[in-house]
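For the numbers below, each heavy atom of this structure counts, side chains included, while hydrogens, waters and symmetry mates do not.
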Amino acid sequence: MSDYSRLALNSATTKKWTLPEVVDGCVRAGIPAIGPWRDIVADHGLAESAQLIRDAGLRVSSLCRGGFLTAADAEGQAAALADNRAAIEEAVALGTTELFLVVGGLAPGEKDVIAARQRVADRLKDLVPFAVEHGVRLVLEPLHPMYAADRALISTLGQSLDLAAPYDPAAVGVAVDTFHVWWDPDLKAQIERAGREQRIASYQICDFNLPIAADALLSRGMMGDGVIDFATIGSWVRDAGYTGDIEVEIFNQQIWDADGHEVLATVKERYAELVLPFA
């Protein structure tokens with residue numbers, strides 16, 4: 001029998017499911033944790049969502065997502081801070097300490113990457129005290145460089161660690177998402193650094209499929225269907241001391257169109273074969 005005690009399902013993997021369907025699917029599949037996105041929580045109601053998850057005996061591995069901190073104007077910056085503070089409060093209500101931040105890309109018409117990255121650092125400084133007050137860790141997620149212009153100007157684990165460095169590890173951590181970081185030639189050293197600094201807040205897994213989908217967001221694949229070496233990356237994360245949840249997050253139209261329960265059965269099979277032996 002495989003040990004699924006660390007397996008978590010990010011709700012994006014079964015995008016067509018409502019939160020009650022995600023919860024039911026996890027219970028039926030024996031997956032003990034979920035990482036919901038804020039939209040399906042909002043659709044069901046925050047208090048109702050928290051109660052539903054508790055009643056099902058599931059834990060919340062993370063909440064997706066806050067971020068988008070790169071607005072160049074005062075109004076946009078204020079709106080971003082308000083949304084992120086709301087996300088922190090939602091994380092508390094759901095019973096998770098981990099809030100993912102996708103930091104944002106260039107402002108409309110902007111080409112100054114350095115200035116935009118500085119705004120991320122500035123907004124992070126604004127947010128950290130509120131997060132600490134609420135016992136929530138802000139989880140910086142580097143995204144693959146193909147998303148730098150519009151979604152995340154932070155592309156490497158090293159950049160995320162540099163941003164986190166001024167803060168206590170309990171306040172700001174980093175995510176190791178195989179899809180986004182597998183290509184980085186400095187990945188082993190940066191995972192080791194993250195371990196030394198006690199900053200690994202999440203290990204997310206999916207594969208990197210080729211060819212790239214017409215919508216690049218949908219190029220994430222089921223583990224084993226793409227090019228990622230889960231044994232190597234997983235052993236690096238393990239050796240760095242990470243013992244938390246391993247969250248499966250897949251954006252893929254074919255998977256979204258498939259039967260959700262069959263998707264979860266495949267998730268468990270691939271996790272047991274490709275991930276668990278090295279976790």
Side-chain angles (χ1 to χ4, degrees), residues 4 7-68 79-80 82-104 134 136-139 141 143 147 151-152 175 177 179-180 201-206 215 217-222 245-268 271:
Y4 297 105
L7 179 59
L9 177 71
N10 185 286
S11 68
T13 305
T14 51
K15 188 173 178 63
K16 291 187 176 180
W17 275 358
T18 63
L19 183 64
E21 290 171 323
V22 176
V23 168
D24 176 68
C26 285
V27 170
R28 289 170 59 177
I31 296 174
I34 64 171
W37 275 66
R38 293 173 67 197
D39 57 347
I40 67 168
V41 170
D43 287 344
H44 190 65
L46 179 59
E48 294 82 358
S49 297
Q51 189 66 52
L52 175 71
I53 294 167
R54 284 196 299 269
D55 289 349
L58 301 176
R59 66 178 178 273
V60 180
S61 52
S62 69
L63 178 63
C64 290
R65 60 169 168 65
F68 284 82
D83 182 64
N84 279 273
R85 290 178 181 126
I88 289 166
E89 292 173 338
E90 290 163 23
V92 173
L94 292 168
T96 182
T97 59
E98 314 300 335
L99 173 64
F100 270 69
L101 300 187
V102 175
V103 299
H134 287 76
V136 172
R137 176 161 50 180
L138 304 177
V139 182
E141 182 178 20
L143 267 57
Y147 304 122
R151 299 189 71 80
D177 183 322
F179 177 85
H180 292 305
S202 179
Y203 180 38
Q204 284 191 329
I205 56 171
C206 73
D215 180 350
L217 281 175
L218 306 186
S219 289
R220 301 171 76 107
M222 184 67 68
D245 289 321
I246 300 173
E247 189 175 296
V248 177
E249 181 186 49
I250 305 174
F251 290 72
N252 181 294
Q253 193 64 53
Q254 287 182 313
I255 289 174
W256 289 347
D257 291 340
D259 177 81
H261 299 290
E262 293 179 3
V263 169
L264 297 196
T266 303
V267 162
K268 290 180 65 179
Y271 174 82

Legend entry - Stacked cation flag K15 on F251, 6.0 angstrom / 45 deg: no
Inset, instruction - Considering non-hydrogen atoms only, spot the tightest contact between T96 and E98 and give its length. - result: OG1-N, 3.2 Å
Legend entry - Those residues that, when tested against R38, pass salt bridge (Lys or Arg N to Asp or Glu O under 4.0 Å) (two or more places apart): D83, E90
Inset, instruction - Please test L218 against W256 for side-chain contact (heavy atoms from CB on, under 4.5 Å), starting from the C-alpha separation and ending with a verdict. - result: CA-CA 10 Å; L218 306 186; W256 289 347; 3.4 Å; yes
Legend entry - R137 side chain near L99 side chain, heavy-atom distance below 4.5 Å: no
Legend entry - Heavy-atom side-chain proximity of I40 to T18 below 4.5 angstrom: no
Inset, instruction - Mind checking salt bridge (Lys or Arg N to Asp or Glu O under 4.0 Å) for D24 and listing every partner two or more places apart, or none if nothing turns up? - result: R28
Inset, instruction - Go through the side-chain N and O atoms of E247 and S62 and say whether any donor and acceptor fall under 3.5 Å apart. - result: yes
Legend entry - Counterpart residues, side chain to side chain donor-acceptor pair (under 3.5 Å), relative to T266 (two or more places apart): none
Legend entry - Atom CD of E48 with >12 non-hydrogen neighbours under 6.0 angstrom: yes
Legend entry - Full working for side-chain contact (heavy atoms from CB on, under 4.5 Å) between I34 and L19: CA-CA 10 Å; I34 64 171; L19 183 64; 4.2 Å; yes
Legend entry - Under 3.5 Å donor-acceptor, E89 side chain and A86 backbone: no
Legend entry - Closest contact, heavy atoms only, L52 versus P20: CD2-CA, 3.7 Å
Inset, instruction - Taking the side chain as every heavy atom from C-beta outward, state whether L101 and E141 have any atom pair closer than 4.5 Å. - result: no
Inset, instruction - With sequence neighbours left out, write down each residue that passes salt bridge (Lys or Arg N to Asp or Glu O under 4.0 Å) with R54, or none if nothing qualifies. - result: none
Legend entry - Interatomic distance, N84 atom CG to L138 atom CG [nearest 0.5 angstrom]: 8.0 Å
Inset, instruction - Taking the side chain as every heavy atom from C-beta outward, state whether E249 and C64 have any pair of such atoms under 4.5 Å apart. - result: yes
Inset, instruction - Give me the ring orientation class for Y147 and H180: parallel if the planes are under 30° apart, tilted from 30 to 60°, perpendicular past 60°. - result: perpendicular
Inset, instruction - Looking only at non-hydrogen atoms, find the nearest pair between C206 and F179 and report the distance. - result: SG-CB, 3.5 Å
Legend entry - Validation row: V102, F68 side chains within 4.5 angstrom (heavy atoms): yes
Legend entry - Pairwise distance OH(Y271) to CD1(I205) - rounded to 0.5 angstrom: 7.0 Å
Inset, instruction - Would you give the length of the straight line joining atom NE2 of H44 to atom CD of Q51, rounded to the nearest 0.5 angstrom? - result: 9.5 Å
Inset, instruction - Please report the closest heavy-atom contact between S202 and F100, naming both atoms and the distance. - result: OG-CZ, 3.4 Å
Legend entry - Nearest heavy-atom neighbours spanning I31 and L58: O-CD2, 3.4 Å
Legend entry - Pairwise side-chain contact, V41 with L94, heavy-atom cut-off 4.5 Å (strictly under): yes
Inset, instruction - Apply side-chain contact (heavy atoms from CB on, under 4.5 Å) to V267 and M222, showing your working. - result: CA-CA 7 Å; V267 162; M222 184 67 68; 3.8 Å; yes
Inset, instruction - Taking W17 for its side chain and G25 for its backbone only, find out whether a donor-acceptor pair lies under 3.5 Å. - result: no
Legend entry - 4.5 Å side-chain heavy-atom contact, N10 and I250: no
Inset, instruction - Can you see which heavy atom on A33 is nearest to which on C26, and at what distance? - result: O-SG, 4.3 Å
Inset, instruction - Give a yes or no answer on whether the side chain of S61 reaches the backbone of A8 with a donor-acceptor pair at less than 3.5 Å. - result: no
Legend entry - Student check: side-chain heavy atoms of N252 and R220 closer than 4.5 Å: no
Inset, instruction - List for me each residue that meets side chain to side chain donor-acceptor pair (under 3.5 Å) alongside D245, sequence neighbours excluded, and say none if there are none. - result: R59
Inset, instruction - Please list, chain by chain and in numerical order, all residues satisfying salt bridge (Lys or Arg N to Asp or Glu O under 4.0 Å) with D257, sequence neighbours excluded. - result: K16
